[in-house]
Amino acid sequence: MTAEAATILELKQVRKEFGGLVAVDDVDVAVREGEIFSLIGPNGAGKTTVFNLITGLDVPTSGTITFAGRAIAGLKPHVLAQLGIARTFQNIRLFGNMSVLGNVLVGRHSRLHAAYWKAVVRTPDERAEEKDAREKAREYLEFVGLRRRHGDLANNLPYGLQRRLEIARALASEPRLLLLDEPAAGTNPQEKAALGDLIRSIRDRGVTLFLIEHDMKVVMGISDRVTVLDHGEKIAEGVPEDVRKDRRVIEAYLGTGA
């Protein structure tokens, strides 16, 4: 990723109000293609609301959101998936009683083209598409280190592997932009180190990454740039080392007496 990389996602003066509460306060964010970009801030800063606005779960009160030059605010999540935006969630949302492979196949759905009736009568082209989907799903499981667990129920995986499965499912939709909501939450130090390697590997495959993360060691270790929110307002942005030293950031996390 270079400083000249094109902007793939841009938020301009984005605001979200819930009744009298301003959750996101006229925020500007520009994510460059091919970078690892992190959004951090104390609890209640508005980070997940920003993700929800980008992925169609909420609609901005005002402002614009563009992806690859196209206005996307208010589009439905399945449309955004087809455009190339995928996400994971802070609280893992897997189909627990479905197999590991089946979960990834769900993520592959947005890239399937066979008509419903072809699936019913099992036409040759539908069977070929299904075979291709299964092969690609296994490739993504191999990529995240889960191929040998393809037949296990998702609920039977350890927590850290469930996190990886959710990432594999998101990757199965072939996103250009992957949003990860606290991917290191609940993982041990070894899993966090492995997660950092996985995130870099995803970037190396040409996917832009946008993270929300509370673990500062993870953020500072893998991010190209960082934006900081506090009470819905952007208070800092830059490379990790500069953000780490910013007075307003220190006060937001540690208090004014820090």
Side-chain angles (χ1 to χ4, degrees), residues 1 5-11 29-39 47-48 50-58 65-95 100-113 129 132-146 154 162-184 195-213 218 222-225 227:
M1 196 277 297
T7 297
I8 189 170
L9 176 74
E10 187 169 25
L11 285 68
V29 171
V31 180
R32 300 168 187 159
E33 192 159 16
E35 75 175 337
I36 299 172
F37 184 93
S38 291
L39 182 66
K47 305 181 297 297
T48 296
V50 169
F51 265 29
N52 289 344
L53 294 171
I54 295 167
T55 55
L57 297 181
D58 282 322
I65 304 174
T66 57
F67 172 68
R70 173 174 175 171
I72 62 169
L75 295 182
K76 299 297 184 183
H78 72 278
V79 175
L80 295 169
Q82 291 169 349
L83 292 177
I85 299 176
R87 75 171 290 180
T88 64
F89 291 85
Q90 180 179 353
N91 298 314
I92 295 175
R93 298 187 183 182
L94 295 172
F95 297 99
V100 166
L101 179 64
N103 270 273
V104 181
L105 285 170
V106 169
R108 190 71 192 157
H109 180 75
S110 65
R111 296 302 170 205
L112 302 182
H113 304 290
E129 187 175 58
D132 179 69
R134 287 182 173 274
E135 289 174 353
K136 283 187 166 58
R138 289 188 174 93
E139 289 174 9
Y140 287 114
L141 288 175
E142 179 77 38
F143 177 67
V144 302
L146 287 175
Q162 289 187 22
R163 285 278 180 197
R164 285 179 169 258
L165 176 56
E166 194 173 35
I167 291 173
R169 184 177 64 185
L171 289 174
S173 67
E174 298 183 4
R176 292 180 62 188
L177 174 68
L178 175 58
L179 292 83
L180 303 177
D181 192 346
E182 296 197 33
L195 175 67
D197 292 338
L198 176 61
I199 289 172
R200 294 185 191 94
S201 296
I202 294 170
R203 191 260 303 276
D204 291 344
R205 292 169 70 105
V207 180
T208 303
L209 290 115
F210 188 173
L211 280 67
I212 292 173
E213 184 52 62
V218 172
I222 65 174
S223 304
D224 295 306
R225 290 187 304 126
T227 285

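Since this is a predicted model, take the numbers as computed values, not measurements. Only heavy atoms go into these numbers, but all of them, side chains included; no hydrogens, no water, no symmetry mates.
For the pair Glu174/Lys136, a side-chain contact is recorded, criterion being any heavy-atom separation below 4.5 Å from C-beta on. Leu83 has its side chain within reach of Leu75: a pair of non-hydrogen atoms, C-beta onward, lies under 4.5 Å apart. Side-chain atoms of Val29 and Glu10, non-hydrogen and from C-beta on, never get closer than 4.5 Å to each other. Side-chain contact between Thr66 and Ile72 is absent, with no heavy-atom pair separated by less than 4.5 Å. Under the 4.5 Å side-chain criterion, counting only non-hydrogen atoms from C-beta, Arg164 is in contact with Leu198. A heavy-atom distance below 4.5 Å is found between the side chains of Ile92 and Arg163.
Across every non-hydrogen atom of Ala172 and Tyr140, the tightest pair is CA-CE1, 3.6 Å. The shortest non-hydrogen separation linking Phe51 to Leu211 is CZ-C, 4.0 Å. Minimum interatomic distance between Ser173 and Ala170 (heavy atoms only, all atoms of both residues): OG-O, 2.8 Å. Contact record, Gly56 with Leu80: N-CD1, 3.5 Å, taken as the closest heavy-atom pair. The two residues Leu57 and Pro77 make their nearest non-hydrogen contact at CD2-CG, 3.9 Å. The two residues Gly196 and Ile222 have their closest heavy-atom pair at CA-CG2, 3.9 Å.
The CG atom of Leu177 lies 5.5 Å from the CD1 atom of Ile8; values are rounded to the nearest 0.5 Å. Between atom OG of residue Ser201 and atom CZ of residue Phe143 there is a gap of 5.0 Å, rounded to the nearest 0.5 Å. Between the CD1 atom of Ile212 and the OG1 atom of Thr48 there is a distance of 4.0 Å, given to the nearest 0.5 Å. Note that CZ of Arg108 and CG of Leu101 are 12.5 Å apart. Values are rounded to the nearest 0.5 Å. Taking OG1 of Thr227 as the start and CG of Leu39 as the end, the distance is 6.5 Å to the nearest 0.5 Å. In this structure, Leu11 CG and Ile54 CD1 are separated by 5.0 Å, a value rounded to the nearest 0.5 Å.
Arg87 places no side-chain N or O within 3.5 Å of a backbone atom of Leu179 that could act as its donor or acceptor partner. Between the Glu213 side chain and the Ala184 main chain, a donor and an acceptor come within less than 3.5 Å of each other. Remark: side-chain polar atoms of Asp58 are not paired, donor with acceptor, to backbone N or O of Leu53 under 3.5 angstrom. The closest donor-acceptor contact from the side chain of Arg169 to the backbone of Gly107 lies at 3.5 Å or more, if one exists at all. In this structure a side-chain-to-backbone donor-acceptor pair under 3.5 Å is missing from Glu35 to Leu209.
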Could you go step by step and tell me if Phe210 and Leu180 meet the side chain to side chain contact (heavy atoms under 4.5 Å, CB included) rule?
-> CA-CA 6 Å; Phe210 188 173; Leu180 303 177; over 6 Å; no
Show your working on side chain to side chain contact (heavy atoms under 4.5 Å, CB included) between Leu165 and Val144 and close with a plain yes or no.
-> CA-CA 7 Å; Leu165 176 56; Val144 302; over 6 Å; no
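Side-chain contact, Arg32 with Thr7: no donor N or O sits under 3.5 Å from an acceptor N or O.
For Thr208, the side chain to side chain donor-acceptor pair (under 3.5 Å) criterion is met by no residue, not counting sequence neighbours.
A side chain to side chain contact (heavy atoms under 4.5 Å, CB included) with Asp181 is found for one member of Glu166, Gln90, Lys47 and no other, namely Gln90.
Within the cation-pi definition used here (under 6.0 Å to the ring centroid, within 45° of the axis), Arg93 qualifies as a partner of Phe89.
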